[in-house]
Amino acid sequence: MHADAQPRQDEVDIASALAWARTRIDLMDARVLLRHVLQCAASRLVAFPEQRIAEEDWAAYRAFVERRCAGEPVAYLVGQREFYGREFMVTPAVLIPRPDTELLVELALGHLAGRSGARVLDMGTGSGALAVTLALEMDAPEVIALDRSREALWVAMANAARLGASVSFVQSDWFGALGEEQFDLIVANPPYVAAADPHLEQGDVRFEPHGALVSGPQGLDDLQTIVAGAPACLIDGGWLLMEHGYDQAVAVRGLLADAGFAAIASWKDLAGIERASGGRWLGRGG
Ligand code: GLN
C-alpha cells in the first residue's frame, strides 16, 4: 500500500492507520488521537502494530485526523490536557492549559512556603488548572476560583470533582461578584494578548475562546483591572501573582508599583522569558 493512500477497510491495522495519518498530521498527534479512539495505552500501539482496527474506530479516527489536519487543537479533540502532572478536561469554552503556567503554581507554592490553611483566589480560572492544582498541592488551603464564563465554570467544576479538589466557584467578572473576601494570595492567568497580535491567527489559539486571550490594544486591560482591584482583596502581607505576555513584564511591574505593591518581581518561564510578575500588599501604609 502506498503510504498516503487510505487503507482498505479489511486491512486496517494500527501500523497502516498511523502510516496514513502521518502523511497528514504530526506523528505524535497521530498517536495521541489513535490512543484516544482505541482508549488504549501508548504501549499497545508499539507492541501490536498488526492489530486490526474495527470499522467504526477507523471511521472515527479518520474524522479526528481530518479535524486535526484542519487545525483543531489535539487537546480539544481528545478533551483533555495534562497540567502539573494531572489530566484536566478541556472544551473549547476554556483555554488549553500551557506548561508556562506551571510557573505560577511553583511561585504560589513558594510564596506560601508550606503554610497551612491559606486563602487563595484564582481569577479567570478557565479549566480550573491553577485552582485545582493549588488546592491539591497546598496544605489545607481554602481556594476560591472565579470566571465570568458559565461554560468555563462547568469545566472547572468537573475538573475539581474528578480530581478530588476542594474549590469554591463563583461566577464573576473579575472583582464584580466577590464581596468583602480577603485572601493571602491571588493568582491569575488573565487574557493578555493584544487585540491585533498576528499570533491569534496561527495554530491552536484560533480555536481558543477569544475572551480568554485578548485584552485590549496592548493586552494589558485585564492585568490592569486585576492589579487595581487586588489590594482591597488581599490581607496585609498578601501576594498577587500574575502570568503575562513575553514583552509585558516592565509594564506589569509598573502597574504594581503604581498601585502601591512592595517586593515587586518578575520570574522567567522555561524558555527564559519573564512570564510572571507579582508583588506583596503591605497595607495602605506599606
Ligand atoms: N500564553 C497564551 C498565548 O500566548 C495566552 C494566554 C493568555 O492570554 N492568558 O497563546
Side-chain angles (χ1 to χ4, degrees), residues 29 68 71-77 80-84 88-108 120-134 145-149 151-153 155-156 159 172-175 185-230 240-253 255-256 266-278:
D29 293 350
R68 178 67 194 130
E72 274 187 71
V74 174
Y76 290 153
L77 293 174
Q80 58 181 24
R81 174 55 48 97
E82 189 256 14
F83 181 80
Y84 211 79
F88 283 79
M89 177 186 133
V90 294
T91 74
V94 300
L95 208 69
I96 300 164
R98 315 274 205 268
D100 301 330
T101 306
E102 294 179 345
L103 174 62
L104 270 190
V105 174
E106 300 288 356
L107 291 171
V120 178
L121 173 65
D122 175 19
M123 301 195 74
T125 196
S127 64
L130 276 174
V132 168
T133 302
L134 291 176
L146 63 82
D147 207 290
R148 74 182 156 207
S149 155
E151 290 73 25
L153 286 172
V155 176
N159 280 318
S172 181
D173 192 358
W174 301 132
F175 299 95
L185 171 70
I186 298 176
V187 292
N189 174 19
Y192 55 68
V193 179
D197 188 325
H199 116 262
L200 293 167
E201 309 302 323
Q202 296 157 20
D204 286 2
V205 289
R206 290 171 298 163
F207 294 82
E208 292 184 296
H210 198 73
L213 288 164
V214 175
S215 187
Q218 275 133 13
L220 289 167
D221 289 9
D222 290 296
L223 287 159
Q224 191 160 17
T225 301
I226 291 167
V227 173
L240 169 62
L241 301 169
M242 296 160 294
E243 181 173 316
H244 52 67
Y246 71 96
D247 56 355
Q248 292 171 332
V250 171
V252 174
R253 288 198 300 269
L255 293 173
L256 288 161
S266 297
W267 296 272
K268 291 179 175 167
D269 64 17
L270 295 170
I273 294 164
E274 286 186 323
R275 175 60 66 185
S277 296

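Note that ligands are numbered from 1 as they come in the structure, with each ligand's atoms numbered from 1 the same way.
Residues T225 and D222 bring no donor and acceptor atom of their side chains to less than 3.5 Å of each other. In the model, S172 has no side-chain atom that pairs as donor or acceptor with a side-chain atom of R148 under 3.5 Å.
Those atoms of ligand 1 with a heavy atom of P191 less than 4.0 angstrom away are 8 (O). Listed by atom number, the atoms of ligand 1 under 4.0 Å from L95 heavy atoms are 6 (C), 9 (N). For ligand 1, the atoms sitting less than 4.0 Å from at least one non-hydrogen atom of V205 are 10 (O), numbered in the order shown with element in parentheses.
Separation of atoms NE2 (H199) and CZ (R206) is listed at 11.5 Å; rounding is to 0.5 Å.
Side-chain atoms of M242 and L223, non-hydrogen and from C-beta on, do get closer than 4.5 Å to each other. Annotation: side chain of E208 is in contact with side chain of Y76 (closest heavy-atom distance under 4.5 Å). Side-chain contact between L146 and L153 is absent, with no heavy atoms from C-beta onward closer than 4.5 Å.
Among the atoms of H199, some N or O lies under 3.5 angstrom from an N or O of ligand 1. The shortest N/O to N/O separation between R275 and ligand 1 does not fall below 3.5 Å. The N/O atoms of N189, backbone and side chain alike, include one that comes under 3.5 Å of an N/O atom in ligand 1.
At the top of the distance list for atom 8 (O) of ligand 1, counting protein heavy atoms only, stands Y192 N, 3.2 Å. Among all non-hydrogen protein atoms, the one lying nearest atom 3 (C) of ligand 1 is R98 NH2, 3.5 Å. Of the protein's non-hydrogen atoms, P190 O, 2.7 Å is the one closest to atom 9 (N) of ligand 1.
Proximity of A212 to ligand 1, defined as any heavy-atom pair under 4.0 Å, is confined to the backbone N, CA, C and O atoms. Contacts of E208 with ligand 1, taken as heavy-atom pairs under 4.0 Å, are absent altogether.
D204 and R68 are joined by a salt bridge, as a carboxylate oxygen and a charged side-chain nitrogen come within less than 4.0 angstrom of each other.
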Side chain to side chain donor-acceptor pair (under 3.5 Å) evaluation trace for E243 with Y192: CA-CA 9 Å; E243 181 173 316; Y192 55 68; 2.6 Å; yes
